[in-house]
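Keep in mind that the numbers below use all heavy atoms, side chains included, and drop hydrogens, waters and symmetry copies. Please read these numbers as outputs of a predicted model, since none were measured by experiment.
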Amino acid sequence: MSTDTSVAQSSRKSGVITPCPIHWYGRFMAAAVFVTTRVLGSTLRIHIEDQSHLFEGPNPQPVIFTLWHNRLALSMPLNRGYFLKRQPQRRLAALVSASRDGSLLARALEHFGVQPVRGSSSRRGTQAMLELATWAKDGYDLAVTPDGPRGPCYRFQEGSIMLAQITGHPLVPVSAHIRWKKCFKSWDTFQLPMPFTRCNVRIGEPMLVPRDAGSEEREAARCILEQRMRDLTID
């Protein structure tokens, strides 16, 4: 019996959905992704326009970063080169798909010192939400792709709003214009920066979601955040 089959049967019996595990070749590929991202990130010319004013003082406030799925390649260079450089004590937990592809990304994030939390709207969503809330209580920043993992592209889903309501962390929209890039034929037209290209990163105004917000208030917040992120985005 394969490992994946055993995990799936165990999940069904216990009622707890377990993320797909990573195999030895996945660990090798994750290490390669880490090295490649570090090398590529060191060549990028990143210009920051920060409207949030949350990353200037010595005492960091935990936040929830929202970044479109097709800009994920910029996430670690931006975290290391801007947020951690200004406030080195920041810690980050990131939502990653529970799929087999997600296991590779999760392992790569661990190389960067980021805590992966496995789940999505279609699989292990409730469990992932609870795990993210636990990391938030410990003072971690959270990072999500509000249109992931399957889209539609640039559609801000409600899960991020609910996460902000549960944790009390402000949502901070982030997007970027990558001047020279490779665009893949995926649902989100994933963008891979070319070496030495200029990346204009825009960090938008943060938003708090009241803990007692009802469905109408959450939907209003979702629409506002989606529009803010679209306004920050230049393809």
Side-chain angles (χ1 to χ4, degrees), residues 15-17 19 49-55 60-72 75 78 83 90 92-99 102 115-177 186-190 201-235:
V16 177
I17 300 174
E49 178 187 333
D50 188 353
Q51 302 172 20
S52 72
H53 307 295
L54 294 177
F55 310 102
Q61 174 187 1
V63 302
I64 301 173
F65 296 106
T66 61
L67 179 72
W68 295 131
H69 194 274
N70 61 9
R71 263 71 170 185
L72 270 177
S75 59
L78 181 58
F83 300 118
R90 301 196 81 96
L92 180 64
L95 184 63
V96 182
S97 170
S99 66
Q115 174 63 49
V117 175
R118 308 290 302 282
S120 66
S121 57
S122 59
R123 183 181 182 190
R124 208 174 179 270
T126 301
Q127 292 164 250
M129 188 78 73
L130 293 173
E131 290 177 23
L132 286 168
T134 299
W135 289 110
K137 286 182 180 179
D138 289 339
Y140 276 66
D141 295 322
L142 307 179
V144 296
T145 52
D147 59 343
R150 300 179 180 177
C153 186
Y154 300 157
R155 166 73 176 180
F156 201 104
Q157 299 175 14
E158 188 184 18
S160 302
I161 302 297
M162 296 179 67
L163 184 60
Q165 182 180 12
I166 292 170
T167 63
H169 284 12
L171 288 155
V172 176
V174 182
S175 194
H177 174 232
S186 56
W187 66 265
D188 61 345
T189 316
F190 190 86
V201 176
R202 305 176 73 186
I203 303 169
E205 181 182 352
M207 171 181 279
L208 284 168
V209 179
R211 291 186 184 272
D212 60 350
S215 58
E216 292 185 1
E217 290 176 282
R218 287 196 299 270
E219 175 59 17
R222 189 200 66 77
C223 291
I224 292 172
L225 262 297
E226 179 175 294
Q227 189 57 54
R228 285 186 186 178
M229 288 200 67
R230 289 175 179 267
D231 291 343
L232 296 174
T233 302
I234 300 175
D235 283 326

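The aromatic rings of Trp68 and Phe156 sit perpendicular to each other, their planes meeting at more than 60°, with 30° as the lower class boundary.
Just one of Ile203, Thr66, Ile64, Leu67 meets the side-chain contact (heavy atoms from CB on, under 4.5 Å) condition when paired with Val172; it is Ile203. The one candidate from Thr167, Leu163, Ile166 that meets the side-chain contact (heavy atoms from CB on, under 4.5 Å) condition with Leu132 is Leu163.
In this structure, the side-chain contact (heavy atoms from CB on, under 4.5 Å) partners of Ser186, at least two apart in sequence or on a different chain, are Phe184, Asp188, Phe190. Judged as a salt bridge (Lys or Arg N to Asp or Glu O under 4.0 Å), and not counting sequence neighbours, the contacts of Arg230 are Glu226. Annotation: ring pair (Phe, Tyr, Trp, His ring centres under 6.0 Å) contacts of His177 (sequence neighbours excluded): none. With sequence neighbours excluded, the residues forming a side chain to side chain donor-acceptor pair (under 3.5 Å) with Ser52 are Asp50, listed by chain and number. For Gln227, the side chain to side chain donor-acceptor pair (under 3.5 Å) partners are Asp231, not counting sequence neighbours. Evaluation of the side-chain contact (heavy atoms from CB on, under 4.5 Å) rule for Asp212 yields Pro210 as partners, not counting sequence neighbours. Evaluation of the side-chain contact (heavy atoms from CB on, under 4.5 Å) rule for Ile224 yields Met207, Arg228 as partners, not counting sequence neighbours. Residues passing the side-chain contact (heavy atoms from CB on, under 4.5 Å) test with Asp235 are Arg71, Tyr154, Gln191, Thr233, sequence neighbours excluded. Under the rule for a salt bridge (Lys or Arg N to Asp or Glu O under 4.0 Å), the partners of Asp141 that lie at least two apart in sequence or sit in another chain are Arg90. Glu219 is linked by a salt bridge (Lys or Arg N to Asp or Glu O under 4.0 Å) to Arg222, counting only residues two or more places apart in sequence or in another chain. With sequence neighbours excluded, the residues forming a ring pair (Phe, Tyr, Trp, His ring centres under 6.0 Å) with Tyr140 are Trp135, listed by chain and number. Checked against side chain to side chain donor-acceptor pair (under 3.5 Å), Gln115 has no partners two or more places apart in sequence or in another chain.
When all heavy atoms of Val174 and Met229 are compared, the closest pair comes out as O-CE, 3.5 Å. The minimum heavy-atom distance linking Pro173 with Glu205 is given by the pair CD-O, 3.4 Å. Taking all atoms of both residues into account, the shortest heavy-atom contact from Leu142 to Ala136 is CD1-CB, 4.0 Å. Counting all heavy atoms, side chain and backbone alike, Pro62 lies closest to Pro170 at O-CD, 3.4 Å. When all heavy atoms of Pro152 and Asp147 are compared, the pair lying nearest together is O-CB, 3.5 Å.
To the nearest 0.5 angstrom, Glu217 atom CD is 8.5 Å from Gln165 atom CD. Atoms CG and OG, on Leu171 and Ser160 in that order, are 6.5 Å from each other to the nearest 0.5 Å. Taking CZ from Phe65 and CG from Leu95, the interatomic distance works out to 15.0 Å, rounded to the nearest 0.5 Å. Rounded to the nearest 0.5 angstrom, Arg218 CZ and Cys223 SG are separated by 13.0 Å. Taken from OG in Ser175 to CD in Glu49, the straight-line distance is 11.5 Å, to the nearest 0.5 Å.
When atom types are taken as modelled, the side chain of Gln61 and the backbone of Leu54 share no donor-acceptor pair closer than 3.5 angstrom. The backbone N or O of Gly151 lies less than 3.5 Å from a partner atom in the side chain of Gln157, making a donor-acceptor pair.
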